[in-house]
Amino acid sequence: MTTTERPERSVPKPVFTDAEAGAREFPDSDAKARRFNYFTPAKRKQSHYEDVTVEVQPDPRHYLAQGWIYGFANGETGYPLHWTKLKAWGVDKPEPVRGVGTGGLPKDFTWPAHGWHEFRDPNEEWEMTLYRYNANVVRQLNQNIENARNAKAFGQWTRNWVQFVERNVGAWMHVEHVLGLYVFAACNRSGPTNMHNTAMAVNSAHKIRFAQDLALYNLTLTEELDGFDGTAHLDAWNNDPVWQGVRKVAEALTAVQDDWGESVFAANVVFEPLLGELFRSNLVMQSAAGNGDFVTPTVMGAGEYDYAQRDLRWTIACFAPLTQDREFADHNKQLMQGWLAHWVPQCIEAARTLQPIWSQPDAKPPRFEDSLDRAKNRFAGILSDLHLETPKELSQ
Amino acid sequence: MSRQSLAKAHQKIQELAWEPQYHEPYMKYGTDYTFRKAQKKDPLKQVLRSYFPMQEEKDHRVYGASDGAIRGNMFRQVQERWLEWQKLFLSIIPLPEISAARSMPMLFHAVPNPELHNGQAIQMIDEVRHSTIQQNLKRLYMNNYIDPAGFNNSLRNFHNDYCGTIGRQFAEGFITGDAITAASIYLTIVAETAFTNTLFVAMPAEAAANGDYLLPTVFHSVQSDESRHISNGYATLLMALSDEDNRQLLERDLRYAWWNNHRVVDAAIGTFIEYGTKDRRKDRESYAEMWRRWIYDDYYRSYLVPLEKYGLVIPHDLIEEAWKQIWEKGYVHEVAQFFATGWLANYWRIDGMTDEDFEWFEYKYPGWYDKYGKWWENYSRLATPNGHNPIIFEDVDYVYPHRCWTCMVPCLVREDMVTDKVDGQWRTYCHEVCHWTDTVAFRPTYQGRETPNMGRLVGKREWETLYHGWNFADVVKDMGMVRDDGNTMTAQPHLNLDPKKMWTLDHMRRCPSFVSPNVVLNEMTDAEREAFAADYVRQGPAGRPAPANA
């Protein structure tokens, strides 16, 4: 056997450059120079989340010397602060005017130029956390459902509960989808800072994932349960009068006129506790076990955790400081109270329209009024966290 | 999840498609395009149940490699020349990525096909990934590379420096103006489909050749998402093509988007690949060769040309012209020379070209030395402070160029420069297509047709205007490009970190005042301006003054 010699391959040659941190001493070689120095961290030390998020979206009141370079036909540019009626301190101060020989930095420059930049997502979401969290959720859901399938657990459901799940749990997927795509994703172009828009994008991802979780759960049930109608959710969402109130409000949330603040506030502060948690926690998750179903609450519970532990958390961190704002607290409070007066009655009306489904399962859930009271109490607690008054419309 | 069940799952989630019954969504972003409800399918066929674990796995690989790079002391082998240019690249790229995320809802409004919205939403999440994973890479470089200056003030510099502003077109162009022009044609059809090949495939290969295997790790992971985004753009394009009224706008937007991407991306990535490398093997591809393969063959011939049969008017002339700019007119070399001329306005260090570099350039681009060699020799001669001023203020046969009003890259191929009085101001353009972009494309009417949603070119588009009449020490201070001793500049025209060899604000103080070419242009009389234009187009190559006897 002979070996054939191959021509020498052309490859780059490694070179020892010693370009490692600390290899030499010179101005900026110090460890203190190894931090992003263009923003002030919220706490003593800047977080990883801040490092990958803060100031990625420029602001002409900060370093954007040449200003935005593309405009809309109406003259708006970048991320206008008036894309919500809410105000954070400093926003009424005019943008620095730059021109011949002015230099780039405003004369009275301090960071941040206005209160919007103080917002930090308490969940500290960036890509690593986003994928780890959601991958864990879908893995756990798959395992829960797979386990139930192997245990033939769906066969223990009563006929009425099967119908309840195929119509009502099924209908909820549409709510999550509409909010995920057409409220939260839609608003991620509008917020004043990268921290706001990233939080909205992550909130949107939760909702779109949850909508798909419900749709795919519905698909599994169609395959596993004889007589489970996998299309009944469409009839419920499109035609069932009890669902039309919820649908109306969900659609109204997509139709908010040019105000990302109102969209997010109405969705996460009003709609979610008064309708979302009312349905998910105070109906489905309370009644499933009595009807032989230990799986649906785990699917619903994942979505509930998204809202209760993450989406609500950033929402409070976003809106609460605005009601205590050093310049615009009254303006913001008045505005938010107006939003409450507008959205609360619609949600209460939708909740009452949904009431008949409380009597559909064989094993009855808590009374509708008790469920609603619980939702109202929860809602009042959120308003208290936001330093807002409970609106009189809540008593309807 | 098996392939079969994935198809079934994707079919199932189509039941989520929403047709409003009580309230129409608020349409914030307008377009002049019209769409019939052509039934285009979601090309991504992606379900979040499998998407999230897949992306998480990709993340594990990226972060695992990052740990490995640190533990294995990768930075003992990285070429400083390469990492310095990453200070520019990684200051720019997170904004285009996050802007792509922001642009997706513009498409929800403009493209009335709920099935496509699923793919667009997933692209939105991908883009959040890209932006933050790239910021994270920069953070890692800052922490572990010998010279953190320029990484540590990255976004401030990106926002206030002319290089950053040029790069910003590759972000604001995605999110402003007509929703389809911005988020579909400029972003997905041209930027992602054509130019991410050089950005995210060709450039990482060069990084690896320079001892940096983290950039390929991150950017190949990013590029594996891009291929999905390309499908989004294609589906939207086919929908647009099904309506005859859109063809005129498609022709306009392809011309604008192609040319602007060429001007911006080829300027930056061409420079990184040709002038940011120490790998001078003769058989490694030059940027021109890569461009021919990735953009001309893969994008133009394999992707664009087949679309002609659907009625798309392909800008053949501009594709050939872009190639001519790169191959015959030295576009990338002119840009790299300009970056180096203005090193003092940068936030990274640029070292001079060596004999080995000269030999490679001459081999790849015959005639290169005659055009650029002498200037680079002067650059190295003037690299360390020794009683002279920075090269920009010295007589090295280089005329500081005027800036293109549209793409904001200077008018470096001097013969192509166009001057015009637009919106009451005298402006210079690097090429007739950039002139057309400002005066014809970005206007409220196009070829007699109302285009009320088309965007506008705004802002202080000539960076030099802001510092007209300033001393450069004050310019550098104002921009924050000073190291922690308060005197040594972040930028240097060499890689020597010996403080005695580094330029300081004190050196800048003795330089003449900085002058804005555009301010001067607008102060000229008509006769002076005509003479200026006639002289300018006779200048070059390599920025040489016009011959006196012509």
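Quick note on labels: first sequence line is chain A, next is B, and so on, each numbered from 1.
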Determine, step by step, whether A:Tyr131 and B:Tyr51 satisfy the side chain to side chain donor-acceptor pair (under 3.5 Å) criterion, reporting the C-alpha distance in whole Å, the side-chain angles of both residues, the deciding distance to 0.1 Å, and the verdict.
CA-CA 9 Å; A:Tyr131 289 109; B:Tyr51 168 81; 2.7 Å; yes

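- With salt bridges taken as basic N to acidic carboxylate O contacts below 4.0 Å, one links B:Lys8 and A:Glu223.
- Taking 4.0 Å as the cut-off between side-chain N and carboxylate O, B:Arg139 and A:Asp51 count as a salt-bridged pair.
- In this structure, no portion of A:Val183 lies under 4.5 Å from any heavy atom of chain B.
- Proximity to chain B (any heavy atom under 4.5 Å) is shown, for A:His48, by both the backbone and the side chain.
- Looking only at side-chain heavy atoms (C-beta outward), A:Val15 and B:Lys278 stay at 4.5 Å or farther from each other.
- Taking a cutoff of 4.0 Å between a charged side-chain nitrogen and a carboxylate oxygen, A:Lys32 and B:Asp484 do not qualify as a salt bridge.
- Atom CG in B:Leu16 sits 10.0 Å away from atom CD1 in A:Ile208 (nearest 0.5 Å).
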Given side chain to side chain donor-acceptor pair (under 3.5 Å), test A:Asn188 with B:Arg102 step by step and report yes or no.
CA-CA 6 Å; A:Asn188 106 105; B:Arg102 310 293 180 240; 2.8 Å; yes

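- Residues A:Arg24 and B:Glu80 are paired through a salt bridge, judged by an N-O separation under 4.0 Å between the basic side chain and the carboxylate.
- The line from CG of A:Asn197 to CD1 of B:Ile98 is 8.0 Å long, rounded to the nearest 0.5 Å.
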What verdict does the side chain to side chain donor-acceptor pair (under 3.5 Å) test give for A:Arg35 and B:Asn152, after you've listed the backbone C-alpha separation in whole Å, the side-chain angles of each residue and the deciding distance to 0.1 Å?
CA-CA 6 Å; A:Arg35 50 173 282 275; B:Asn152 55 13; over 6 Å; no

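- Only the backbone of A:Val54 has a heavy atom closer than 4.5 Å to any heavy atom of chain B.
- For a residue to count as touching a neighbouring chain, one of its non-hydrogen atoms must lie under 4.5 Å from one of that chain's; by this rule A:Asn238 touches chain B with backbone and side chain alike.
- Between chain B and the residues A:Asp258, A:Thr198, A:Thr53, A:Val137, the most heavy-atom pairs under 4.5 angstrom are made by A:Asp258.
- Contact annotation for A:Ser263: neither backbone nor side-chain heavy atoms come within less than 4.5 Å of a heavy atom of chain B.
- Looking at A:Leu234, only its side chain comes within 4.5 Å of chain B, counting heavy atoms on both sides.
- Neither the backbone nor the side chain of A:Glu125 comes within less than 4.5 Å of any heavy atom in chain B.
- Cation-pi contact between B:Lys28 and A:Trp83: present, with separation from the ring centre below 6.0 Å and deviation from the ring axis of at most 45°.
- By the 4.5 Å heavy-atom criterion applied to side chains, B:Asp147 and A:Phe26 are counted as neighbours.
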For a side chain to side chain donor-acceptor pair (under 3.5 Å) check, start with the C-alpha distance between A:Glu20 and B:Tyr145, then their side-chain angles and the critical distance, and finish with the verdict.
CA-CA 5 Å; A:Glu20 202 176 10; B:Tyr145 169 62; over 6 Å; no

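- The candidate from A:Gly101, A:Ser190, A:Gly67 with the greatest count of non-hydrogen atom pairs under 4.5 Å with chain B is A:Gly101.
- Options A:Gly99, A:Gly78, A:Ala201 differ in how many heavy-atom pairs under 4.5 Å they form with chain B, and the most are formed by A:Gly99.
- Taking the six-membered ring where the residue is Trp, the centroids of B:His159 and A:Tyr38 are separated by 6.0 Å or more.
- Inter-residue side-chain proximity for A:Phe72 and B:Arg456 is flagged as unmet; no heavy-atom pair is nearer than 4.5 Å.
- Neither the backbone nor the side chain of A:Phe39 comes within less than 4.5 Å of any heavy atom of chain B.
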Check step by step if salt bridge (Lys or Arg N to Asp or Glu O under 4.0 Å) holds for A:Glu127 and B:Lys58.
CA-CA 11 Å; A:Glu127 71 99 23; B:Lys58 283 159 63 176; over 6 Å; no

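- Here the shortest heavy-atom pairing between A:Asp28 and B:Ala149 reads OD2-CB, 3.1 Å.
- Across B:Val128, B:Ile133, B:Asn136, a single residue satisfies side chain to side chain contact (heavy atoms under 4.5 Å, CB included) together with A:Trp126, and that is B:Asn136.
- Residues B:Phe442 and A:Tyr70 place their aromatic rings such that the two centres sit under 6.0 Å apart.
- Between the CG atom of A:Asn194 and the OG atom of B:Ser131 there is a distance of 6.0 Å, given to the nearest 0.5 Å.
- Heavy-atom distances place both the backbone and the side chain of A:Val100 under 4.5 Å from chain B.
- By number of non-hydrogen pairs under 4.5 angstrom with chain B, the leading residue of A:Gln57, A:Met128, A:Glu76, A:His62 is A:Met128.
- Top candidate by heavy-atom pairs under 4.5 Å with chain B, chosen from A:Leu181, A:Asn134, A:Leu141, A:Asp30, is A:Asn134.
- With a 4.5 Å cut-off on non-hydrogen atoms, A:Arg132 touches chain B through its backbone and its side chain both.
- Minimum interatomic distance between B:Asp161 and A:Gln66 (heavy atoms only, all atoms of both residues): O-OE1, 4.0 Å.
- Put simply, CG on B:Asp478 and OH on A:Tyr63 are 12.0 Å apart, with the number rounded to the nearest 0.5 Å.
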